[in-house]
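As structure tokens, the structure follows; a few thoughts come after it.
The structure presented is a predicted model; accordingly, all values stated were derived computationally and were not measured. Here is the naming used below: chain letters follow the sequence lines, and residue numbers restart at 1 for every chain.
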Amino acid sequence: MRYWLMKTEPGVFGLADLQASPGQTTAWEGVRNYQARNFMQRDMTPGDRVLFYHSNANPSAVVATALVASPAQPDLTALDPNSPYFDPRATPENPRWYMVTVKLDQVLPRPVTLAQMRQVPALLGMLLLQKGMRLSVQPVTPEEFQQVLALGGL
DNA sequence: GCCAACGTTGGC
DNA sequence: GCCAACGTTGGC
């Protein structure tokens, strides 16, 4: 089993939206970065655990955990001209972009903010905390995952 | 709203 | 294949 962190902007799709989704499950559509796509397509397996992170938020924070609920499938929003995630280079034969499905696991009793994580020596190696890091799907170590949970009251 | 850092595009 | 220009991300 692997551990991940997935970013989302609460103004676009936040924890409240995930909670309101059928089965508290959502397709992680709209990722248009190759590295993030490759993590989902190659490395994610159902059952993997996810830190659900609010970016561009006040404050930015890990707010919940989630589970990978399905293997990667083509992200068909890339084929839809009316979608904000439309990519004219995607075709049914080569859909180009992939997504997994994510299911809410536990809401953290206390959100773990970015500022808070920066103060924890054991977390300084997290990709999230590296300068210029904008990858929206990124691996975390089991130790980092556990540490964030502890900070969040789980 | 600003802007640093990054990824992608496209001219050459 | 280089690299300048551009668009995006995301913290502050």
Side-chain angles (χ1 to χ4, degrees), chain A residues 2-21 26-44 48-68 72-102 104-141 143-153:
Chain A
R2 300 190 193 204
Y3 297 84
W4 307 95
L5 180 144
M6 297 173 90
K7 297 181 187 176
T8 184
E9 300 193 28
V12 178
F13 187 93
L15 175 58
D17 300 295
L18 182 58
Q19 289 176 308
S21 300
T26 191
W28 207 261
E29 62 192 32
V31 170
R32 296 294 179 268
N33 170 280
Y34 290 109
Q35 223 182 329
R37 179 202 68 182
N38 292 344
F39 282 133
M40 288 197 290
Q41 194 179 1
R42 285 194 324 237
D43 302 322
M44 278 192 178
D48 284 0
R49 303 193 68 183
V50 176
L51 296 173
F52 189 91
Y53 176 79
H54 280 168
S55 62
N56 249 322
N58 256 310
S60 293
V62 176
V63 293
T65 67
L67 296 168
V68 175
Q73 297 169 293
D75 180 351
L76 300 181
T77 62
L79 300 174
D80 177 4
N82 295 318
S83 167
Y85 306 125
F86 178 62
D87 180 350
R89 297 163 302 181
T91 65
E93 296 73 30
N94 181 10
R96 192 180 193 105
W97 301 111
Y98 287 78
M99 62 184 186
V100 294
T101 298
V102 163
L104 179 63
D105 187 18
Q106 294 176 284
V107 177
L108 296 193
R110 297 185 301 273
V112 180
T113 67
L114 187 61
Q116 198 179 347
M117 289 188 274
R118 289 195 192 284
Q119 291 171 356
V120 179
L123 295 180
L124 290 181
M126 278 184 85
L127 285 176
L128 181 72
L129 305 187
Q130 307 314 305
K131 184 176 177 179
M133 169 53 59
R134 351 180 283 198
L135 197 56
S136 66
V137 176
Q138 51 183 260
V140 301
T141 68
E143 293 78 13
E144 290 162 351
F145 190 92
Q146 205 49 55
Q147 180 67 55
V148 173
L149 256 55
L151 290 170

Atom pairs, protein N/O to nucleotides 9-11 of chain B N/O, distance under 3.5 Å:
unit_1 : atom_1 : unit_2  : atom_2 : d
B/dT9  : OP1    : A/Arg89 : NH1    : 2.1
B/dT9  : OP1    : A/Arg89 : NH2    : 3.2

Produce the list of close N/O pairs, under 3.5 Å, pairing protein atoms with atoms of nucleotides 1-8 of chain C; give distances to one decimal.
unit_1 : atom_1 : unit_2   : atom_2 : d
C/dT8  : O2     : A/Arg134 : NH1    : 2.9

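When the P atom of C/dC12 is taken as reference, atom CE of A/Met117 falls 11 Å away, rounded to whole Å.
Note that the OH atom of A/Tyr98 and the CG atom of A/Asn38 stand 11.0 Å from one another [nearest 0.5 Å]. The distance from the NZ atom of A/Lys7 to the CG atom of A/Leu51 is 12.5 Å, given to the nearest 0.5 Å. Interatomic distance, A/Glu29 CD to A/Thr77 OG1, rounded to the nearest 0.5 Å: 5.0 Å.
Checked against side-chain hydrogen bond (donor to acceptor under 3.5 Å, both in side chains), A/Trp28 has no partners two or more places apart in sequence or in another chain. Looking at residues two or more places apart in sequence or on another chain, you find a side-chain hydrogen bond (donor to acceptor under 3.5 Å, both in side chains) between A/Arg89 and A/Asp87.
Remark: aromatic rings of A/Trp4 and A/Phe52 are distant, center separation not under 6.0 Å.
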Pair up each side-chain donor or acceptor in residues 107-116 of chain A with any protein partner under 3.5 Å, not counting sequence neighbours, and list the distances.
unit_1   : atom_1 : unit_2   : atom_2 : d
A/Arg110 : NH2    : A/Leu151 : O      : 3.2
A/Thr113 : OG1    : A/Gln116 : N      : 3.0
A/Gln116 : OE1    : A/Thr113 : N      : 3.3

Enumerate, atom names and distances included, each donor-acceptor pair closer than 3.5 Å involving a side-chain atom of residues 118-133 of chain A, sequence neighbours excluded.
unit_1   : atom_1 : unit_2   : atom_2 : d
A/Arg118 : NH1    : A/Leu129 : O      : 3.2
A/Gln130 : NE2    : A/Leu124 : O      : 2.9
A/Gln130 : NE2    : A/Met126 : O      : 2.7

